[in-house]
Amino acid sequence: MRIGLFTDTYTPDINGVVTSIVTLKDALEREGHTVFIITNQPSIASTSYENNVLRLPGVELKFLYGYVLSSPIHIQAQAVIEEMELDVIHVHSEFGVGMFARIIARNLRLPLVSTYHTTYEDYTHYVNLLGLKSVDHLSRIAVAKMSRMFTKTAQIIIAPSEKTKKMLLGYDIKKEIAVIPTGLDLERFDKRDDEAVKAIRSTYALQGIPLFVYIGRLAKEKSIDVVIRSFKELVVREGCDARLMIVGAGPSDDDLKEQAKDLGIQDNVIFVGRVPSEEVVNYYHVADAFISASLTETQGLTYIEALACGLCVFARPDRPLDGIIVDDETGYLFEDATTFADKAEAFIKASEQEHERIRTNALMKASTFDSKLFAENMLAVYRRAGDMYHGRYNVVGVEERSDGQSEITIESKGNTETLLIDEFIQERREIKEGDTLSRLEINEMEDDQQIYEAYQIALQRIGLRDYTSYEMADYLRSKFDLNETQIEIVVDLLVKRRFIDDERYFRDKIDYHREQNRGNYRIFEDLQRRGFASDKITEALESEDQDLYIERGIERANAYLNTLKDGSHRQRVDKASQHLLRQGYDYNVIKEIMNRIDDFYGEDEEMSSLRLVIDKAWSRYSKRYDTEREIKNHVVKHALSKGYDYDLVSRVMEERNNEN
């Protein structure tokens, strides 16, 4: 599929929405789909398009902690998006780019899916500065009305949690709502950079001190003031010398620092500030536990990220965390400062076995949020949205033709249409009368035609020489506009029909190289270039008996030496050694080979070669220098540089002198 993700916020921004979008994009691309990002940038006059990311002009709203707002109308950008040939639009914003996405969906006649990331009713304090109940009530009514308006044009709404779905149903939204929690790239959080963790602990003098961490935006709705008050209750207790590290930035930054100072725990609270997104994981790994008191999360990604790092999570009870943060299993729930202090103190003083038990539980719970499952669930929604938008087609007839094609007759809403597909496509799809097809599946059949053409060209290439799966995939990438899934289909079909056999190719290639008496480095590089795994190659090469390997090297060296008709003995050894090096033998093996070679090039042959070298050198230098002494000196130096022994050179020079 070709998917357009529309969002008001994207990298280098750091927030939950960006994390969700990046995770989805990477997971979809790993499954072979093409993903485009349509977002904005804080520049009112420029549009850029690079690496499938289209950035529209926008204005930075500093009073909303850097939020960038863009116009919902971009005439030139629509032309770029048309060329993307999208199958579905997935919008992650309600304003700016989100409104533009809805216009594009209507103009290009595309299905629209919308994820509701933000519980706007929890943000009404930004407009209700005086805290008036009447204003708050009107704000919440406006949020409900706005939400109905923004979801009106979508085929399906995605809610990250049951809590969000319940809220949307409370807004009287009638659309289908699918609950799909954001997935995680678990591998990213599993990797621990011990050097980076050690550096952080050293910077803040944390050796041997229990550390709790909060990671996220510093804003009123995140209730970080509750975290700081609760933490004070812990550190005033005897034997609880712990630290709280707050990582992030936002409008409440100064207020929170002032609160820690007023409570007298400024030495126990570390404000790190904003850190680059690629370094955030190190701040999870540096801690012993994660803490947040927020009750405004649609899903709570930071909680899940903490679990993926094996951390014990302290949180206030909230619907999105049901079944995720379980008391005394993956973490601890608290409703007030005293409860937090009691449970945190018990956690600090618990045994290593208890800490390991919670760590194991945390990792197991995080594994259920694997990004692969996230992508699969999203794809199912995209396909369903396509069916809802385009309708489904009934297959009312399938007829095989004499030219190898199949004639498929489809019907929808009283309209009949005929498709011609090649036998290759029919073999893959197995379409039969009575089946139903979506518009997306019909589009995919058109893509199958590209696959069929690529398959035919691949057969022609294999007729010229053997290919590995890796080589064929690389060739197809260079010649066709296919995605990775389509390339995999072609290669799998070639393997299935035994036109490609990687195991046979691997064995034959090693045998061929050994018949040519090539060294292991040369063989290794060649097979690795053809896509074989390093471990597999190494295992195969190491299975050869070392003496046999040396014998092959000797045979190669002798064959090469036989091609050398002149030169000094040292020259011949050096040339043979360089030849073996080029053929993939390492220095130690070459040394042993040269020690065991019987070179039949004797002193008489070397003397004869030296005479020719000296004659040519004398003729050359006699044209440059006037005195015989100068000529002689340069001739001797030249002969020595060619590797001839000094005594041998002296004998030939004396012999020449006597003749003259």
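Note that the coordinates shown come from a computational prediction; the quantities given were computed from them, not determined experimentally. Positions are given from 1, in the same order as the sequence printed here.
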Taken in chain and number order and not counting sequence neighbours, the residues that satisfy side chain to side chain contact (heavy atoms under 4.5 Å, CB included) with Asp327 are Tyr332, Leu333, Lys343
Q: Consider only side-chain N and O atoms of Thr7 and Thr9, and report whether a donor and an acceptor are under 3.5 Å apart.
A: no
On a heavy-atom basis, the closest approach of Arg2 and Met84 is NE-O, 2.7 Å
For residues 278-287, the side chain to side chain donor-acceptor pair (under 3.5 Å) pairs (sequence neighbours left out) are Tyr284-Glu305
- Message: Quick check: do Ser292 and Lys222 have side-chain heavy atoms less than 4.5 Å from each other?
- Response: no
Separation between CG (Leu218) and OG (Ser252), nearest 0.5 Å, reads 7.0 Å
Pair Asp8, Thr39 - check side-chain contact (heavy atoms from CB on, under 4.5 Å), show working.
CA-CA 5 Å; Asp8 276 334; Thr39 185; 5.9 Å; no
Looking only at heavy atoms, the pair that brings Ala154 and Ser114 closest together is CB-CB, 4.1 Å
Ser20 versus Thr23, side-chain donor and acceptor atoms under 3.5 Å: no
- prompt: Side chains of Ile158 and Tyr116: closer than 4.5 Å at any heavy-atom pair?
  reply: no
The ring-ring contact (aromatic ring centres under 6.0 Å, His included) partners of Tyr214 (sequence neighbours excluded) come to none
Extract all donor-acceptor atom pairs below 3.5 Å that involve side chains of residues 47-58 and protein atoms in other chains or at least two apart in sequence.
| from | atom 1 | to | atom 2 | distance (Å) |
| --- | --- | --- | --- | --- |
| Arg55 | NH1 | Thr11 | O | 3.4 |
| Arg55 | NH2 | Thr11 | O | 2.8 |

Across all chains, not counting sequence neighbours, the side chain to side chain contact (heavy atoms under 4.5 Å, CB included) partners of Asp26 are Val22, Glu29, Arg30
ring-ring contact (aromatic ring centres under 6.0 Å, His included) filter on Phe334, not counting sequence neighbours, yields Phe340
Asp253 meets the salt bridge (charged side-chain N to carboxylate O under 4.0 Å, His left out) criterion, sequence neighbours left out, with Lys257
Practice problem: May I have the step-by-step check of side-chain contact (heavy atoms from CB on, under 4.5 Å) for Glu417 and Ile408, ending in yes or no? | Solution: CA-CA 8 Å; Glu417 191 176 337; Ile408 311 295; over 6 Å; no
One should read off an interatomic distance between Ser93 OG and Ile38 CD1, to the nearest 0.5 angstrom, of 11.0 Å
Separation between CD1 (Ile410) and OH (Tyr393), nearest 0.5 Å, reads 6.0 Å
field: Side chain to side chain, Leu244 and Ile291, heavy atoms closer than 4.5 Å
entry: yes
| said: Has Asp318 got a side-chain atom pairing as donor or acceptor with Pro320's backbone, closer than 3.5 angstrom? | reply: no
Asp328 meets the salt bridge (charged side-chain N to carboxylate O under 4.0 Å, His left out) criterion, sequence neighbours left out, with Arg357
Do the side chain of Asn394 and the main chain of Val396 share a donor and acceptor less than 3.5 angstrom apart?
no
CD1 of Ile224 to OG of Ser230, rounded to nearest 0.5 Å, is 12.5 Å
| Looking at side-chain heavy atoms only, is the closest gap between Asp193 and Val281 below 4.5 Å? | no
Strictly by modelled atom types, are Arg384 and Ser438 linked by a side-chain donor-acceptor pair under 3.5 Å? no
| task | Go through the side-chain N and O atoms of Thr339 and Asp342 and say whether any donor and acceptor fall under 3.5 Å apart. | result | no
Practice problem: Evaluate side-chain contact (heavy atoms from CB on, under 4.5 Å) for Glu411 paired with Asn415, printing each intermediate quantity in order. | Solution: CA-CA 6 Å; Glu411 183 182 68; Asn415 297 317; over 6 Å; no
May I ask you to test the Ile487-Glu484 pair for a side-chain heavy-atom distance under 4.5 Å? yes
| request: Answer whether the closest heavy-atom distance between the side chains of Ile358 and Thr330 falls below 4.5 Å. | output: no
Applying salt bridge (charged side-chain N to carboxylate O under 4.0 Å, His left out) to Asp288 and not counting sequence neighbours gives Arg201
Residues Val113 and Ala385: closest non-hydrogen pair is CG2-CB, 3.7 Å
Contacts of Asp370 meeting salt bridge (charged side-chain N to carboxylate O under 4.0 Å, His left out) (sequence neighbours excluded), chain-then-number -> none
**Message:** Is the shortest side-chain heavy-atom distance between Leu211 and Val286 below 4.5 Å?
**Reply:** yes
(Q) Checking Phe212 against Phe314 for the ring pair (Phe, Tyr, Trp, His ring centres under 6.0 Å) test, could you report, in this order, the C-alpha distance in whole Å, the side-chain angles of both residues, the deciding distance, and whether it holds? (A) CA-CA 9 Å; Phe212 292 71; Phe314 287 80; 5.5 Å; yes
Side-chain contact test, heavy atoms from C-beta onward, threshold under 4.5 Å: evaluate it for Thr182 versus Thr19 and give yes or no. no
Sequence neighbours excluded, the answer for side chain to side chain contact (heavy atoms under 4.5 Å, CB included) partners of Ala105 is Ile89, Leu112
When every non-hydrogen atom of Ala315 is compared with those of Leu321, the smallest separation belongs to CB-CD1, 3.7 Å
Item to complete: Determine, step by step, whether Phe6 and His90 satisfy the ring pair (Phe, Tyr, Trp, His ring centres under 6.0 Å) criterion, reporting the C-alpha distance in whole Å, the side-chain angles of both residues, the deciding distance to 0.1 Å, and the verdict.
Response: CA-CA 6 Å; Phe6 287 69; His90 185 174; 10.0 Å; no
Between Glu329 and Lys365, does any side-chain N to carboxylate O distance fall below 4.0 Å? no
Tightest non-hydrogen contact, residues Phe347 and Ala289, listed as CE2-CB, 4.0 Å
Is there a donor-acceptor pair closer than 3.5 Å between any side-chain N or O of Arg274 and the backbone N or O of Ala249?
no
Closest non-hydrogen atoms of Ala101 and Val91, given as atom of the first, atom of the second and distance, are CB-CG2, 3.9 Å
Residues at least two apart in sequence or cross-chain that pass side chain to side chain contact (heavy atoms under 4.5 Å, CB included) with Leu169, listed by chain then number, are Lys165, Ile177
The test is side-chain contact (heavy atoms from CB on, under 4.5 Å); show your working for Gln450 and Leu482 and say whether it passes.
CA-CA 8 Å; Gln450 266 193 302; Leu482 301 174; 3.9 Å; yes
I'd like to know if Glu233 pairs up with Arg229 as an ion pair, taking the criterion as any Lys NZ or Arg NE/NH1/NH2 lying under 4.0 Å from an Asp or Glu carboxylate oxygen.
no
One should read off an interatomic distance between Arg319 CZ and Glu162 CD, to the nearest 0.5 angstrom, of 7.0 Å
Value for CG (Leu86) from CD1 (Ile104), rounded to nearest 0.5 Å, stands at 9.0 Å
